[in-house]
Amino acid sequence: MSRRARLTLLWIGLAAFGVAMAIAFTGLPGFGGTFHPYRDLAVVATFAHATANGVSSINFDQRGFDTFGEETILFCAVVGVATLLRPVHRERRREVRSGGRVLESTSLLVYILFPLTLVLAADVVTHGAITPGGGFQGGVVLSTGIHLLYVGGRYTLLRRLRPLAWFEQGEALGVVLFGALGLAGAALGSALFANFVPQGQLSDFISAGTVPLFNIAVGMTVCSSVVILLAGFLDQALAIRSDPGTQGDPPDADSKEEAAA
Amino acid sequence: MSYYAYGVAAAVMALGLIGMATSRNLVHTVVCLSVAQSATYILLIAVGFQYGGVAPIFGNQVTQQTPVVDPVVQALTLTDIVVSAAVTSMLLALVIQMAKRRKAVDPDSLSGLEG
């Protein structure tokens, strides 16, 4: 399709989109109103299980099975990226040296922030049921903290502190734990992903039943996923080089070699 | 003013779509897809907003009777963000493969099917 035809089609589509949205929005309850039927039901259910964080209660208690699906999406995406980013033939992995100059202020900041970020991540994950946060957010913070080492110019240190095999197993373990907790709900409670642990007092550290356990399982998966994803992309940028002799190959050389093999 | 926030969501979505259609670089296309997806976050959060509502974290000050903003759409937004991250990483990995195999990242020069 030519560029002009594509743009014409785009404007026709956008006009239709605008009309459809205008019709849809005028049918919605006004912005900021008091009519929130799902909110009312969710708040009652949140209090019934003594969970202080309403969002965590919905994610891990009221619709735990959905969140299991969400976690599986992330797991599958990581598997897909790992498959796409592995070194193909005629590529080799080279040793990365920690070269280059890093500002001393940057190094200092990394040394201060690295332990702080890890503690913050642990706090966000473990208090996911009673304060804002949870497994997803804490997992991302944790993996970001680990990658501060790379910002500080220490790729070799990052590689040593980040044994990828552990994270691959940690990711799988998180998903298995999540599923096992769901099955335990079916075995010991009323239904799949039921909250079968006594829920205790609202806002206590040990409260909300299974929600903190789900948070830890999700935190493991999310942290490991992000670490594996970034490891794949960093590898592509820093460590993987095509063999020097094959730069000028014609584009279809790949398929011929595959056919020969 | 009552529909202003919804209009912002629609505008961000339209910007993302325009960016994708006029893109000259696949990385730019993927980023535009992320922009379009962030319109859905705005819409979801706007739908759940209530004037005077506080965050749905309950405790001594916030009881069952306190008006809070809708936690259901906030949980959906969290799901949305996770899916967006998964899709973006997958697409960027595909772009890297595309750049390796075809030595091009301009969508206009990638019209032929391969297989």
Side-chain angles (χ1 to χ4, degrees), chain A residues 3 6-7 9-10 13-14 17-18 21-22 24-26 28-34 36 38-39 42-44 46-47 51-55 57-59 63 66-67 70-71 73-74 76-78 80-81 84-85 88 91 130-132 134 136-137 202-203 222 226 229 232-233 236 242 251 254, chain B residues 1-7 9-10 13-14 17-18 20-22 43 46-53 55-60 62-64 66-79 81-83 85-90 92-94 96-97 100-104 108 111 114:
Chain A
R3 215 169 163 76
R6 193 194 307 162
L7 283 182
L9 199 63
L10 170 72
L14 277 184
F17 172 74
M21 287 299 118
F25 290 158
T26 46
L28 279 177
F31 173 71
T34 54
H36 293 290
Y38 287 114
R39 187 265 319 263
V43 168
V44 171
T46 302
F47 270 88
T51 311
N53 184 345
V55 182
S57 171
I58 289 165
N59 262 334
R63 48 177 281 264
D66 272 9
T67 309
E70 176 186 347
E71 209 188 345
I73 290 175
L74 191 64
C76 293
V78 171
V81 170
L84 281 171
L85 291 187
V88 292
E91 278 182 344
I130 49 176
T131 57
F136 287 106
Q137 298 89 328
L202 187 80
S203 297
V222 171
V226 178
L229 281 180
F233 285 112
Q236 288 289 327
S242 60
D254 259 350
Chain B
M1 275 308 274
S2 164
Y3 299 101
Y4 179 68
Y6 305 147
M13 174 66 89
L17 292 176
I18 292 171
M20 268 189 276
T22 58
L43 183 64
V47 164
F49 182 72
Q50 173 177 348
Y51 284 112
I57 312 292
F58 303 102
N60 290 332
V62 186
T63 64
Q64 202 164 348
T66 318
V68 292
V69 295
D70 195 342
V72 177
V73 288
Q74 294 193 1
L76 288 178
T77 310
L78 192 59
T79 307
I81 292 171
V82 173
V83 172
V87 168
T88 306
S89 59
M90 210 51 199
L92 285 177
L94 279 173
I96 288 180
Q97 285 300 328
K100 274 186 200 167
R101 294 183 72 93
R102 304 285 298 267
K103 311 260 183 286
D108 285 337
S111 49
E114 212 183 67

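To find a chain, count down the sequence lines: A is the first, B the second, and so on, and within it residues start at 1.
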Which bit of A:Phe17 comes within less than 4.5 Å of chain B, counting heavy atoms only: side chain, backbone, both or neither?
side chain

Heavy-atom distance under 4.5 Å to chain A: side chain of B:Gln97, backbone, both or neither?
side chain

Working to the nearest 0.5 angstrom, can you tell me the gap between B:Thr66 OG1 and B:Phe58 CZ?
8.0 Å

Side chain from CB out, backbone as N, CA, C, O: work out which of these in B:Leu94 comes under 4.5 Å of a heavy atom of chain A, or both, or neither.
both

Do the side chain of B:Thr77 and the main chain of B:Val73 share a donor and acceptor less than 3.5 angstrom apart?
yes

Go through the atoms of A:Phe25 and report whether side chain, backbone, both or neither lie under 4.5 Å from a heavy atom of chain B.
both

Is it the side chain or the backbone of A:Leu28 that comes within 4.5 Å of chain B heavy atoms, both, or neither?
both

Considering only heavy atoms and a distance below 4.5 Å, find which of B:Ala21, B:Ala85, B:Gly52 pairs most often with chain A.
B:Ala21

For a ring pair (Phe, Tyr, Trp, His ring centres under 6.0 Å) check, start with the C-alpha distance between A:Phe31 and B:Tyr4, then their side-chain angles and the critical distance, and finish with the verdict.
CA-CA 8 Å; A:Phe31 173 71; B:Tyr4 179 68; 8.5 Å; no

When heavy-atom pairs shorter than 4.5 Å are enumerated against chain A, which of B:Ile18, B:Val69, B:Val83 gives the highest number?
B:Ile18

Sort out for me which of B:Ala14, B:Ala55, B:Gly48 touches chain A most, counting heavy-atom pairs under 4.5 Å.
B:Gly48

Nearest 0.5 Å, what's the CG-CD distance between A:Asn53 and B:Gln74?
9.0 Å

Going by distance alone, is a donor N or O of one side chain under 3.5 Å from an acceptor N or O of the other, for B:Thr79 and A:Glu70?
yes

Backbone N/O of A:Asn59 and side chain of A:Thr67: donor-acceptor pair under 3.5 Å
yes

Relative to each other, are the rings of B:Tyr3 and B:Tyr6 parallel, tilted or perpendicular (30° and 60° limits)?
tilted

Check each atom of A:Gln137 against the heavy atoms of chain B and say whether the ones under 4.5 Å are side chain, backbone, both or neither.
side chain

Reported OH-to-CG distance for the pair A:Tyr38 and B:Asp70, which is rounded to 0.5 angstrom
10.0 Å

May I ask you to name which of B:Ala75, B:Ala86, B:Gly7 has the most heavy-atom pairs under 4.5 Å with chain A?
B:Ala75

Quick one: what part of B:Ile96 sits under 4.5 Å from any heavy atom of chain A, side chain, backbone, both or neither?
side chain

Whether the side chain of A:Arg39 engages the backbone of B:Pro67 through a donor-acceptor N/O pair (distance < 3.5 Å, no angle test) should be reported.
no

Of A:Thr131, A:Ile73, A:Leu85, the largest count of non-hydrogen pairs under 4.5 angstrom with chain B goes to A:Leu85

By a 4.5 Å heavy-atom criterion (distance strictly below it), what part of B:Val68 contacts chain A: side chain, backbone, both, or neither?
both

Which residue out of A:Leu229, A:Asp66, A:Ile58, A:Val44 racks up the most heavy-atom pairs below 4.5 Å with chain B?
A:Ile58

